[in-house]
There are 2 protein chains.
Amino acid sequence: MQSIDGLENEISLETAFEATPPTPKRQTGKKPGRPKGKSSDQTRERILDAAERLFANEGYDGATLRDVAAAADVQLHAVGYHFGPKDILFDTVISRRSVIMTELRMNALSAARRAAVGGVVPIETLVRDYISPFVLSAGEGDRGWRTYAALMGRLANSPLGTEIIARHYDATAREYLKEFSRALPDVIEADVIEGFSAMVAAMLGLCADTGRPARLGQPKIAHRKPSDSLETLVRFQTAGFKSLGNVDG
Amino acid sequence: MQSIDGLENEISLETAFEATPPTPKRQTGKKPGRPKGKSSDQTRERILDAAERLFANEGYDGATLRDVAAAADVQLHAVGYHFGPKDILFDTVISRRSVIMTELRMNALSAARRAAVGGVVPIETLVRDYISPFVLSAGEGDRGWRTYAALMGRLANSPLGTEIIARHYDATAREYLKEFSRALPDVIEADVIEGFSAMVAAMLGLCADTGRPARLGQPKIAHRKPSDSLETLVRFQTAGFKSLGNVDG
DNA sequence: TATTTATTTGTACAAATGTATAATAAATTT
DNA sequence: AAATTTATTATACATTTGTACAAATAAATA
C-alpha cells in the first residue's frame with residue numbers, strides 16, 4: 001500500500017489525505033469533549049443572549065454566526081449544534097421572550113375584563129395594559145429586555161419582522177383589538193386598527209432607544225425615567241383613540 | 001450571470017480545465033464599450049430604483065450588489081462605477097428623495113408660519129404639514145415612493161437608519177419641534193419630543209405597508225384610500241399632542 | 001463495568017460577496 | 001484627426017459565511 005517513491009511524497013495524495021491528523025494542536029488550553037460541571041442550558045442561554053444583541057445591533061443578515069459564537073464565547077459549531085440553522089436561532093431568540101410578554105398582556109387583559117363595568121374596558125386601561133409590560137421591561141428590566149426591545153423595534157417594518165411578529169404577537173393583538181372596538185363602538189374597524197398600529201409603532205420606537213429624542217432636544221436633557229415616558233405615551237395614545245369617535249374633533 | 005446565447009455555453013471538460021484564459025467569449029449579444037445613444041443618467045436611475053427596492057425588501061446586508069445589478073439589468077461593475085462602495089450607493093438612494101421630502105415640508109412650514117395668527121401655528125397644521133407629504137407620496141405617488149417609504153420604515157429603529165435619518169431629516173424635525181413647543185408652551189420639551197417621535201413612528205409604520213393591519217382585521221376589509229388613512233392619522237396624532245398639555249387629561 | 005449519549009473543540013468547504021482589473025468602444029475634447 | 005474621457009462588458013480574487021464533518025471526552029445508562 002505504501003509506495004516508496006521518495007520525492008513525490010511531498011505532494012502525493014497520501015499526504016494530502018493524512019496530513020491533518022498528525023497535527024496534534026490540542027495544547028490550546030481548552031479541551032474538546034463534554035465539559036465537567038455545567039449544564040448545557042447555560043451555554044444555550046449565553047448563545048441566545050449574544051444572538052439577541054447581535055441581531056438587534058447588526059440585523060439578521062448583518063449578524064454572523066461567527067460573531068454570535070465569539071460573543072457567547074463558544075465554538076462556531078456549538079451554535080449550530082444547539083439551534084440548527086440561522087433562521088431557527090433567530091426564531092428562538094424572539095420566542096424566548098415573546099411567551100413572557102404574551103402572558104403578561106393576556107393576564108392583564110383578563111383582569112381588566114373581570115373588572116370592567118358594563119362589559120367595557122376603558123381605553124386607557126387597554127392602552128396601559130398593552131404598552132406597559134413592554135415599556136417597563138425595556139426600561140427597567142435587565143439588559144436582555146432592553147436588547148430585545150431594540151430588536152423588536154428593528155423588526156417592526158421589515159418583511160421578515162412582519163412574518164415573525166404575526167406568528168408570535170398577532171393572537172394577543174386581536175384580543176386587544178376586540179376590546180378596543182367594544183370601547184369605541186362608533187369607530188369603523190379600519191380606524192381602530194390604524195390607531196392600534198400607531199400605538200404599537202410609538203411603543204416600539206420609544207423602546208428601541210435609538211438616541212434620536214436626545215439628539216433632537218437640548219443637550220442638557222437628562223435621560224428620562226421609563227415610568228415618565230410610559231405615562232406620556234399612555235396619555236398620548238389614549239387621547240388619540242378617543243379622538244377617533246367624534247368626527248368633529 | 002449567465003449569458004443568453006446558446007451554443008458556446010456548454011461546459012466541456014476542456015473549458016473546465018484549461019480554457020478560461022483563451023476564451024474570447026465576446027459574442028454574448030451585448031458588446032463592451034460605451035453604448036451608442038443613451039445617456040448614463042438613465043442607467044444611474046435604473047440602478048437607484050433597483051437598489052431602493054432591494055434595500056427595502058432585503059435590508060442593507062441582505063441586498064447584494066449582484067442583486068441590484070441584475071434587477072437594474074446592468075453588469076455588476078456598473079454599480080460600483082457609478083456609485084462607488086455599497087454604503088455610498090445606500091446613502092444616494094436615501095438622499096435622492098429626502099431632498100424632495102425636505103423641501104415639501106419646509107415649504108409647508110414656511111407657509112404655515114406666514115399664516116399663523118399670533119405667531120402660533122395650530123397643532124393640527126403642524127401634524128398635517130409634516131405627515132402628509134410622506135403619506136401622500138407613499139400612498140398616491142409612483143411605485144418608487146412607495147418603496148422609499150417602506151425603506152424608511154425599515155430604517156426607523158436600526159442603528160444604521162438612525163445615523164442616516166439624522167443626517168437627512170433631523171434639521172427639518174428640529175424646525176417643526178420649535179413650532180410644536182411654541183404651540184404647547186406648558187409642555188416640557190421631553191414630552192414634546194416624545195410626541196413627535198410617536199407621530200413619526202406611526203407615520204412610518206402606516207406607510208411601510210407591511211400588511212399587518214389587513215391581517216388583523218376582518219378579511220373583507222378592502223384596501224383603504226391613503227387619504228382616509230391620512231385623516232385618521234392626523235386626528236389621532238393631533239389629539240395626542242393636545243393631551244400633553246392638561247395633566248388631568 | 002461497558003456502552004451509549006451529549007456536548008464540546010477543531011477543521012473543511014462550497015457558495016456568496018464586495019471590490020478591483022482588463023478590455024472595448026462610443027462620445028467628447030483638443 | 002488624434003487623444004482623452006466616459007461607460008460598458010467580462011473576469012478575477014481575497015474574504016466572509018452558513019453548514020457540515022471528524023475527533024474527543026464527560027455524563028448517563030444498561
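What you see is a predicted model; the values in this text were computed from it and never measured. Throughout, protein chains are lettered first and strands after them, A, B, ... in sequence-line order, and every chain is numbered starting at 1.
- Here the C1' atom of nucleotide D:dA7 and the CD1 atom of B:Ile47 are 10 Å apart, to the nearest Å.
- Between B:Glu58 atom CD and C:dG18 atom C1' the separation is 17 Å, expressed in whole Å.
- Salt-bridge check for A:Lys86 with A:Asp61: failed, with every basic side-chain N at 4.0 Å or more from each acidic carboxylate O.
- Residue pairs meeting the salt bridge (Lys or Arg N to Asp or Glu O under 4.0 Å) criterion with at least one member in residues 130-155 of chain A: none, sequence neighbours excluded.
- Every ring pair (Phe, Tyr, Trp, His ring centres under 6.0 Å) that B:Tyr148 has, sequence neighbours left out, goes to B:Trp145.
- At a non-hydrogen distance threshold of 4.0 Å, A:His77, A:Tyr81, A:His82 from residues 76-86 of chain A come into contact with DNA chain C.
- Whole-Å rounding puts the B:Leu89 CG to C:dT19 P distance at 10 Å.
- A:Ala71 meets the side-chain contact (heavy atoms from CB on, under 4.5 Å) test with A:Ala50, A:Arg53, A:Leu54; sequence neighbours excluded.
- Whole-Å rounding puts the A:Asp87 CG to D:dT19 C1' distance at 12 Å.
- Atoms CD (A:Gln75) and P (D:dA20) sit 18 Å apart, rounded to a whole Å.
- Atom CG in A:Asp73 sits about 12 Å away from atom P in C:dT8, given to the nearest Å.
- For the pair A:Asp61 CG and D:dT16 C1', the computed distance is 13 Å after rounding to whole Å.
- A:Glu163 pairs by the side-chain contact (heavy atoms from CB on, under 4.5 Å) definition with A:Leu160, A:Arg167, not counting sequence neighbours.
- For the salt bridge (Lys or Arg N to Asp or Glu O under 4.0 Å) condition, the pairs that include at least one residue of residues 197-216 of chain B, sequence neighbours left out, are A:Asp170-B:Arg212, A:Asp170-B:Arg215.
- One can place CG of A:Leu65 at 11 Å from P of D:dA20, the figure rounded to the nearest angstrom.
- For the pair A:Thr43 and C:dT8, the criterion of a side-chain N or O lying under 4.0 Å from OP1 or OP2 is met.
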